[in-house]
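Owing to the predicted nature of the structure, the values given are computational and were not obtained by experimental measurement. Below, all heavy atoms of this structure are taken into account, side chains as well, without hydrogens, waters or symmetry copies. To find a chain, count down the sequence lines: A is the first, B the second, and so on, and within it residues start at 1.
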There are 2 protein chains.
Amino acid sequence: MTHIYNFSAGPAVLPKEVLAQAAAEMLDWHGSGMSVMEMSHRGPEFISIYKAAERDLRELLAVPDNYKILFMQGGGLSQNALVPLNLVGHKPQPATIDFIHTGSWSGKSIKEAAKYANVNVAASSTTQVPPQSEWKLTPGAAYLHMCTNETIDGIEFDFDAGVPAPLDGEFANTVLVADMSSHILSRRVDVSKYGLIFAGAQKNIGPAGVTIVIVREDLLGKALPACPSAFDFKLVADNESMYNTPPTYGIYIAGLVFQWLKKQGGVAEMEKRAIAKAELLYAALDADDFYQTRVAKQNRSRMNVPFYLKDESQNEAFLAGAKARGLLQLKGHKSVGGMRASIYNAMPIEGVQALVDYLNEFAGRTGK
Amino acid sequence: MTHIYNFSAGPAVLPKEVLAQAAAEMLDWHGSGMSVMEMSHRGPEFISIYKAAERDLRELLAVPDNYKILFMQGGGLSQNALVPLNLVGHKPQPATIDFIHTGSWSGKSIKEAAKYANVNVAASSTTQVPPQSEWKLTPGAAYLHMCTNETIDGIEFDFDAGVPAPLDGEFANTVLVADMSSHILSRRVDVSKYGLIFAGAQKNIGPAGVTIVIVREDLLGKALPACPSAFDFKLVADNESMYNTPPTYGIYIAGLVFQWLKKQGGVAEMEKRAIAKAELLYAALDADDFYQTRVAKQNRSRMNVPFYLKDESQNEAFLAGAKARGLLQLKGHKSVGGMRASIYNAMPIEGVQALVDYLNEFAGRTGK
């Protein structure tokens with residue numbers, strides 16, 4: 001059989017070792033006689049799984065002690081409502097929220113937040129992260145939201161260049177909220193810069209159906225009255241993500257992924273690999289004008305690589321040839337067209353090399 | 001090794017055949033080269049899994065064509081907020097919702113709904129379902145909520161005696177909403193009597209993290225403005241549960257459970273088995289006054305069987321002895337104490353017999 005490489009934007013490829021362990025433990029976890037799916041979330045077996053997952057994620061991201069890690073349900077999309085529902089209740093109503101608009105996902109966040117607050121788009125671009133000097137922030141805003149990696153548009157904040165930089169003057173205490181769904185755990189991040197980070201699991205964490213929220217403790221307890229209890233960050237935090245039954249099996253898989261990440265060398269090693277994989281892929285796209293990209297080089301995502309054939313009449317042939325070589329899910333998001341390769345942590349460099357070989361072959365390049 | 005029987009109230013025991021199939025398919029689903037966890041929710045592989053699950057559940061419950069089946073996230077608890085958020089927007093605000101209070105779960109529903117509407121407790125009892133003739137309904141209420149099986153208290157609506165019976169006169173068009181989390185698929189139900197049925201998966205359906213909503217189409221599109229888009233029933237229905245990424249792996253397991261149920265003979269067969277298991281267990285509890293139950297006989301749950309030792313000083317010894325025999329998770333919910341045996345569809349009668357043998361042994365009964 002052809003080796004399969006799955007470039008899906010999410011749900012996405014998972015480490016084979018993790019899947020093999022999950023299969024082996026499916027009917028009997030550690031001699032308990034139960035599948036993890038069958039365990040009471042309040043029993044000692046699952047509590048031990050939960051605590052290990054929380055501890056490992058805290059270690060991987062160096063999450064400070066004054067932050068809670070919540071394992072929730074609803075996906076990143078639900079957080080577009082749940083973050084404002086949870087963070088603006090202490091302000092005179094309606095509160096104001098600032099946004100940096102860089103593509104589809106921050107766009108969805110803006111639209112949803114407008115149900116609960118005034119929204120101010122402080123800066124907007126879908127080909128680069130707008131220069132921080134041009135952000136038009138609102139004094140007294142409840143928080144500033146940014147999507148630090150746009151899954152559809154392939155724009156990533158340039159943390160290495162210090163963006164977002166610390167704000168000063170009247171904005172020094174601005175609460176930063178970051179949607180890191182599609183690049184969490186792929187690069188080092190200074191959690192202490194943020195008030196809240198959220199991420200759907202189905203890219204770099206585990207199966208769809210788990211959503212991670214990392215929130216600074218002083219931001220808890222500010223929910224609007226309309227916030228459903230099951231999604232009230234304070235209730236979830238006070239009950240260690242067990243205010244209602246958590247998505248136990250998804251948390252177990254996420255925990256296995258965290259263990260795998262630690263074994264690989266943690267986030268620093270993932271970042272090194274991500275840089276190598278992204279450089280390899282972008283170099284093939286940049287080699288001549290057969291393929292085209294639209295994102296400013298300093299903000300090219302290491303995780304989601306959208307690209308276009310110069311001659312888009314060849315799109316179907318490109319995808320068919322890719323599929324025949326076991327290179328799956330390369331079609332771009334319907335809202336932007338073209339192609340997209342998502343190369344998350346669990347994508348080995350061999351997969352990227354196989355894609356690069358095909359890119360060269362399809363472009364009729366030889367001797368590479 | 002002792003055979004394990006897991007009496008957890010949920011997450012709970014799953015059919016061994018389902019777990020074995022899930023293990024076998026974990027790394028490569030049907031030659032796709034992918035785990036179900038790795039599949040794009042928009043790809044043909046997962047769409048086929050989703051459609052089969054929806055179709056099988058529709059068949060098992062004989063869901064009429066004018067009802068949508070939604071696969072959501074958030075658990076039954078979240079529906080306590082999401083149902084009012086979705087069903088009262090067309091009424092003059094605040095709307096009124098009627099409730100039948102029969103225990104802990106309907107109690108939680110009442111408390112949460114009060115955030116979004118006026119609540120009227122039309123009848124209340126925690127030892128039986130209040131006689132329908134005594135329900136004090138509100139003319140013009142948005143809907144009437146009932147929890148048709150109380151997981152903690154062990155009270156089940158007596159469908160066989162026709163409760164709830166059709167309402168008439170000014171209440172003839174009352175929309176019935178039923179939380180069936182802990183007995184769905186264990187007995188025949190006339191879906192057409194209800195406007196909306198919801199159920200968390202982690203009892204009779206599959207893993208925690210999936211929530212089923214069955215809703216009559218004319219009730220869609222009545223959401224309050226504060227309803228998060230990710231949980232707007234109309235958006236979820238219009239997008240076949242893919243408005244945002246659904247809990248794909250949980251849906252896959254639920255689909256395997258539905259196939260297993262069909263192979264066993266469907267809901268009618270499950271009902272027969274549930275009656276047999278419940279009769280066996282209650283007979284042992286009723287044999288003398290060593291054990292006590294608190295629910296009126298006509299409303300004893302076939303799924304969740306709470307019971308108390310007359311001499312509660314023996315509770316710890318009872319639980320220790322049970323555990324030694326592989327009879328797990330028999331401790332009652334902390335809010336009501338005592339013991340509880342949850343005997344869902346996937347609990348074989350052998351498990352109930354093993355529990356009955358132990359009940360008799362612990363009570364010092366001989367010759368049974």
Asker: Where is the tightest heavy-atom contact between A:His41 and B:Pro11, given as atom of each residue plus distance?
Answerer: ND1-CD, 3.5 Å
Asker: Roughly how far apart are A:Glu25 CD and B:Met26 CE, rounded to 0.5 Å?
Answerer: 10.0 Å
Asker: Determine the option with the most heavy-atom pairs under 4.5 angstrom with chain A, choosing from B:Lys16, B:Met34, B:Glu112.
Answerer: B:Glu112
Asker: Checking A:Met37 against chain B: side chain, backbone, both or neither under 4.5 Å from a heavy atom?
Answerer: both
Asker: In Å, rounded to the nearest 0.5 Å, how long is the span from CG of B:Asn6 to OG of A:Ser35?
Answerer: 10.5 Å
Asker: For the interface with chain A, which of B:Ser40, B:Gly76, B:Ser78 has the highest count of heavy-atom pairs at distances below 4.5 Å?
Answerer: B:Ser40
Asker: Find the one option among B:Ser8, B:Pro228, B:Gly75, B:Ala230 whose heavy-atom pairs under 4.5 Å with chain A are most numerous.
Answerer: B:Pro228
Asker: Please give me the minimum heavy-atom distance between B:Leu328 and A:Ser32, naming the atom from each residue.
Answerer: CD1-O, 4.5 Å
Asker: Any side-chain heavy atom of B:Tyr249 within less than 4.5 Å of one from A:Gln202?
Answerer: no
Asker: Please report the shortest heavy-atom distance between A:Pro225 and B:Lys115, naming the atom on each side.
Answerer: O-CD, 3.7 Å
Asker: Considering non-hydrogen atoms only, spot the tightest contact between A:Ala23 and B:Leu27 and give its length.
Answerer: CB-CD1, 4.2 Å
Asker: Heavy-atom pairs under 4.5 Å with chain A are the metric here; pick the option from B:Val13, B:Leu224, B:Val36 that has the most.
Answerer: B:Val13
Asker: Is A:Tyr116 reaching over with its side chain to a backbone N or O of B:Ala226, donor-acceptor style, under 3.5 angstrom?
Answerer: yes
Asker: Does one side chain, of A:Ser229 or B:Lys108, offer a donor that lies under 3.5 Å from an acceptor on the other?
Answerer: no
Asker: Hey, is the main chain of A:Leu14 close enough, under 3.5 Å, to the side chain of B:Glu38 for a donor-acceptor pair?
Answerer: yes
Asker: Non-hydrogen contacts under 4.5 angstrom with chain B: give the residues of residues 231-248 of chain A involved, or none if there are none.
Answerer: A:Phe231, A:Tyr243, A:Asn244, A:Thr245, A:Pro246, A:Pro247, A:Thr248
